[in-house]
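Everything quoted here is computed from the prediction, not taken from an experiment. All values below come from the heavy atoms of this structure, side chains included, with hydrogens, waters and symmetry mates left out. Proteins come first, then strands; the chains are lettered A, B, ... in the order of their sequence lines, and each starts at number 1.
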Amino acid sequence: MLLQVDGLRKAFGRRIAVDGVTFSIDVGEIVGFLGPNGAGKTTTMRMIAGYLEPDDGAIKVFNIDVVQERRRAQERVGYLPEGAPLYGEMTPWSFLRFVAEARGMTLTAARHAVRRAAQDARLGDSIDRPIDTLSKGYRRRVGLAAALLHDPMLLILDEPTDGLDPNQRHAVRDLIRKLGEERGLIISTHSLEEVEAVCTRAIVIDQGRIVADATPQALIEKHGDLERAFAALTRQEERV
Amino acid sequence: MKTKRPGLASMLAIYRRELLSYVTTPTAYVFAAVFLFSIGLFTFQIGGFFEARTADLSAFFGFHPWIFMVFLPAIAMRLWAEESRSGALELLLTLPCPTWSLVLGKFLAAWTVAAAALLLTTPLWITVNVLGSPDNAAILTAYIASLLMAGAYIAIGSAMSALTQAQIVAFVLAVLISFLVTALGLPLVLDFLAGVIDGGAAEALARFSVLHHFDAAQRGVVEFRSVFYFATLIAVCLSFTALAVDARRGG
């Protein structure tokens, strides 16, 4: 099993963000995390990536406990944080070199890894321009390349296509599909059409709990379409 | 392929990135210029370097604690505050690096900037050698002590920077703490303390001040105690930084 999440819980002060999330992922699965804003998608992903520590529950990547052996688990996970934070004054090339070296790669290995990841994420020839001067879509792809550098088996991508134009979105989806063939992926998204297009499985989260875990097709069959499924499964009122 | 010591490799990567960010943004240059300007002003105008007519740099080194106290928190304030403001902290903390490698890499980069600024003051050293024959060993000792002291102030700045997202808050807190740690040894504070608490206790407290340890070194005396003092101050502040960074994982 690539990833096992069991009874995950996390509270920030009094607010319970994640409340007993349990699921597992195998190679070849592309799981779409769906849910309203504040449902706990990002918090769950952050815990799997080893950024936040869970209050309770267990996360295992290749049977390695993320809390007990955080660094060993993190070596096997590629993570694109929400909004893809980068260092604006660096160029994509120097940024990716930095991430590769910080991951402990030798200089030669780092150079190869950067070249391959840049190619996979289709960074093209803007690789030598300061990140601050690049478009949102391009920056997102730089973040994606950083997540792919060490060729991880498990990829956690928090809103990988948010803010991209239709062409860029199409390219990223192709990449996700390709990556999913021999890896496990979790992507969070607000685009239901995206779940239908790339995901082999949809996990709907609401108020910190999993309210549905099925293939997009099963959800469509049950509710008519994904939009109706989403509306039926999650709380409707606007939350701040 | 992985290097044999991943922690060390991470530290070097962080160090290089941080140093690059200092030299590619104007901050380091502005501060180096302000530092050199103010140290010149203090040494020549207030310290009376030429009027003293002695071939030494006491007028120069005497002002270091006071200038460092303001200048170095300004160098260190962005180390962690900026990472949490921009969200890049999430990126760093999801890399398989031990926390000490992040803390140490950043600290060493800021310390290198301070060392470079210090290096730019060496024309003064050359000048006293042209004008007279100073005790060069003593001056070298004072430079080393000054560098160590700079490390201590940067470590304080790094610890404060890890506490907040706002660089300016980190700066103000670091200046405040640096002032307290420095001024404990000042006659003004000592006399005041001696009036409140036992004179002996005030004296003991003064031994924990930066001034106390830097004064000895300034006279050209290397005391193991002082080296130990600055090293301990650095170690304590960096451990605090690591704890504060790790606490972020708690949410």
To the nearest 0.5 Å, tell me how far [X] [atom1] sits from [Y] [atom2].
{"X": "Ser10(B)", "Y": "Arg71(A)", "atom1": "OG", "atom2": "CZ", "result": "8.5 Å"}
{"X": "Leu52(A)", "Y": "Glu90(B)", "atom1": "CG", "atom2": "CD", "result": "7.5 Å"}
{"X": "Thr94(B)", "Y": "Leu80(A)", "atom1": "OG1", "atom2": "CG", "result": "10.0 Å"}

Is it the case that more than 12 heavy atoms not belonging to [X] sit under 6.0 Å from its [atom1] atom?
{"X": "Arg116(A)", "atom1": "CZ", "value": "yes"}
{"X": "Gln119(A)", "atom1": "CD", "value": "no"}
{"X": "Arg209(A)", "atom1": "CZ", "value": "no"}
{"X": "Phe208(B)", "atom1": "CZ", "value": "no"}
{"X": "Phe228(B)", "atom1": "CZ", "value": "no"}

What part of [X] gets closer than 4.5 Å to chain A, counting heavy atoms only: side chain, backbone, both or neither?
{"X": "Glu82(B)", "answer": "neither"}
{"X": "Leu102(B)", "answer": "neither"}
{"X": "Ser21(B)", "answer": "both"}
{"X": "Arg248(B)", "answer": "backbone"}

Over all heavy atoms of both residues, which pair between [X] and [Y] is shortest? Give the atoms and the distance, please.
{"X": "Leu91(B)", "Y": "Pro81(A)", "result": "CD1-CG, 4.3 Å"}
{"X": "Pro85(A)", "Y": "Ala88(B)", "result": "CB-N, 3.7 Å"}
{"X": "Glu89(A)", "Y": "Thr24(B)", "result": "CG-OG1, 3.8 Å"}
{"X": "Ala102(A)", "Y": "Cys97(B)", "result": "O-SG, 3.3 Å"}

For this session: Please look at Arg46(A) and chain B and tell me whether the side chain, the backbone, both or neither of the residue comes under 4.5 angstrom of a heavy atom of that chain.
Result: side chain

Problem set entry | Contact origin within Phe98(A) toward chain B - heavy atom pairs under 4.5 Å | both

Exercise. Can you tell if the side chain of Arg103(A) reaches within under 4.5 Å of the side chain of Pro96(B), non-hydrogen atoms only?
Worked result: yes

For this session: With chain A as the partner chain, list the residues of residues 155-176 of chain B whose heavy atoms fall under 4.5 Å from it, by residue number, and write 'none' if nothing qualifies.
Result: none

Exercise. Which one, Met47(A), Arg70(A), Arg97(A), Met90(A), leads in non-hydrogen pairs under 4.5 Å with chain B?
Worked result: Arg70(A)

Exercise. Got a sec, which residues hit ring-ring contact (aromatic ring centres under 6.0 Å, His included) with Tyr51(A), two or more places apart in sequence or on another chain?
Worked result: none

Problem set entry | Heavy-atom pairs under 4.5 Å with chain A, option from Leu93(B), Ile14(B), Leu12(B) with the top count | Leu93(B)

